[in-house]
Amino acid sequence: MEADGSGPQGSRLLNTAEKLVYDKNILSRSEAGLGMKGSMAEPAVADGAEWSAVIVAAGRGTRMGTAESKQYLPLRGKPVLVHTLAIFERMREIRDVVLVTGVEDVERCRRLAAEHGLRKVAAVVPGGGERQHSVRLGLAAASSPWVMVHDGVRPLVTPESVRRCIAAAYRHGAAVLAVPVKDTIKKVDAAGIIESTPDRRSLWAIQTPQAFRRELLEACHGRAEGEGFIGTDDAMVVERYGHPVAVAEGDYTNIKITTPDDLPYAAFLLSGRGVGHARSGGPG
Ligand SMILES: Nc1ccn([C@@H]2O[C@H](COP(=O)(O)OP(=O)(O)OP(=O)(O)O)[C@@H](O)[C@H]2O)c(=O)n1
Ligand SMILES: C[C@](O)(CO)[C@H](O)COP(=O)(O)O
């Protein structure tokens, strides 16, 4: 899979030596604070782009409590989901995007992609009842040798951190973005009494994207489906079958829009990055 070959858009796959150079460049740029910032000057699809991004957005957002699903709520003038898709659209490493939505939202999402010039959205497919089912359905439409799964409701991930995740995936075959936990975490029993305090130095809060060799992720999802196992992220599915999954350090600002208080915080963060405008549009 790492040998040179031609992708659907004529892209050439990276060989192992090129992956190491990718790794070195990414790390030296991050260390020097020169992150690539997802510049609009980047070509839409670079020679060597070998990643499919599966963006899962088929949830109902029950904790948000709005009639409209949270991925379509306006954030600095655009639906949350459009902000998320725009990040992957600008990244040269991404060859194509598979968007997984509610069955009733497939047409609406195709329109959104067209209206917002999201040309990498190659497929919009209906999801399933659990996040894991949605990922599996999205994977079936992905064709690149490497795949990253990202929550449609994490619109604040940065290209720099996605690249750290890519670099770790090239080294280990599987990697997730994560941040060290800042609070002391307790294990509490059903009666509300603390049972234990795990050593915080080994605890990380897991985010997306989660990046894998596509064949590895497909195989693990297939086995999990056969066993009726449901995990809360894709790393759990891969860990279960004994494959190591590396952690790449992300940013605390890569929040998942989950409850109402997350929206003003996300708007504040985006305004600090100069993204969008304060006037909110209607639901997407
Ligand atoms: N059956 C599902 C469930 C979730 N997701 C997606 O997985 C991501 C993370 O899930 P979460 O934040 O829990 O979203 P919801 O399931 O929509 O929220 P809630 O649990 O509050 O209902 C979201 O982008 C969501 O749309 C999905 O594609 N398919
Ligand atoms: C995948 C995830 O975003 C990692 O933090 C999270 O596990 C999704 O969980 P949820 O149960 O769908 O909120």
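Positions are given from 1 along the sequence. Counting starts at 1 for both ligands and their atoms, in listed order.
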Review point. Is the NZ or CZ atom of K182 both under 6.0 Å from the centre of the six-membered ring of Y252 and within 45° of that ring's axis?
Key: yes
Practice item. State whether E227 and R240 are salt-bridged, where the test is any N-O pair (Lys NZ or Arg NE/NH1/NH2 against Asp/Glu carboxylate O) under 4.0 Å. Key: yes
Review point. Can you find a side-chain donor-acceptor pair between K187 and S196 that sits under 3.5 Å?
Key: no
Check your understanding: Which protein heavy atom lies closest to atom 8 (C) of ligand 1, and at what distance to 0.1 Å?
Key -> D151 OD1, 3.4 Å
Practice item. Could you see which bit of R154 sits under 4.0 Å from ligand 1, with heavy atoms only: side chain, backbone, both or neither? Key: neither
Review point. Can the ring centroids of Y170 and W146 be said to lie less than 6.0 angstrom from one another?
Key: yes
Review point. Which atoms of ligand 1 are found less than 4.0 Å from any heavy atom of T62?
Key: 19 (P), 21 (O), 22 (O)
**Study point:** Any N or O of A58 closer than 3.5 Å to N or O of ligand 1
**Key:** yes
Exercise for review: Return the minimal non-hydrogen interatomic distance between I94 and A53, and the atom names on each side.
Suggested key: CG2-CB, 4.3 Å
Study note, to complete from the structure: T208 meets the side chain to side chain contact (heavy atoms under 4.5 Å, CB included) criterion, sequence neighbours left out, with R131, H150, D151, R154, Q210
Review point. So does E68 pair up with R108, basic N to acidic O under 4.0 Å?
Key: yes
Check your understanding: R60 to ligand 1: N or O pair under 3.5 Å?
Key -> yes
Revision key, fill the gap. The atoms of ligand 1 lying under 4.0 Å from a heavy atom of S134, numbered in the order shown, are 1 (N), 2 (C), 27 (C), 28 (O), 29 (N)
Review point. Closer than 4.0 angstrom: is that true for some heavy atom of G127 and an atom of ligand 1?
Key: no
Practice item. Provide the number and element of each atom of ligand 1 under 4.0 Å from a heavy atom of K256. Key: 9 (C), 11 (P), 12 (O), 13 (O)
**Study point:** Side chains of Y72 and V80 in contact at under 4.5 Å (non-hydrogen atoms)
**Key:** no
**Study point:** For atom 24 (O) of ligand 1, the protein heavy atom that lies nearest, with its residue and separation
**Key:** V56 O, 2.8 Å
Revision key, fill the gap. In this structure, atom 23 (C) of ligand 1 is nearest to the protein heavy atom V153 CG2, 3.6 Å
Practice item. Examine distances only and state if a side-chain atom of Q71 and a backbone atom of P79 form a donor-acceptor pair shorter than 3.5 Å. Key: no
Point to revise | Sole candidate of R164, K120, R163 that passes salt bridge (Lys or Arg N to Asp or Glu O under 4.0 Å) when paired with E93 | key: R163
Check your understanding: Near E130, which atoms of ligand 1 are under 4.0 Å from a heavy atom of that residue?
Key -> 1 (N), 2 (C)
Check your understanding: So, are R214 and E218 salt-bridged, with charged N and O less than 4.0 Å apart?
Key -> yes
Practice item. Please report which non-hydrogen protein atom sits nearest to atom 14 (O) of ligand 1, along with the residue it belongs to and the distance in Å to one decimal place. Key: K70 NZ, 3.3 Å
Tabulated below should be the N or O atoms of ligand 2 paired with protein N or O atoms at under 3.5 Å; can you produce that?
| unit_1 | atom_1 | unit_2 | atom_2 | d |
| --- | --- | --- | --- | --- |
| ligand 2 | 3 (O) | D151 | OD2 | 2.6 |
| ligand 2 | 3 (O) | R154 | NH2 | 2.9 |
| ligand 2 | 5 (O) | R154 | NH2 | 3.0 |
| ligand 2 | 5 (O) | I206 | O | 2.6 |
| ligand 2 | 7 (O) | T232 | O | 2.9 |
| ligand 2 | 13 (O) | R63 | NH2 | 3.0 |
| ligand 2 | 13 (O) | K256 | NZ | 2.8 |

Review point. Would you say the side-chain atoms of D261 and T259 include a donor-acceptor pair closer than 3.5 Å?
Key: yes
Point to revise | Closest heavy-atom pair and its distance - D183, R200 | key: O-CD, 3.0 Å
**Study point:** M64 touching ligand 1 at heavy-atom level, < 4.0 angstrom
**Key:** no
Practice item. Would you mind finding which of G152, S69, G59, G128 brings a heavy atom closest to atom 1 (N) of ligand 1? Key: G128
**Study point:** Proximal atoms of ligand 1 relative to G129 (non-hydrogen, under 4.0 Å)
**Key:** 1 (N)
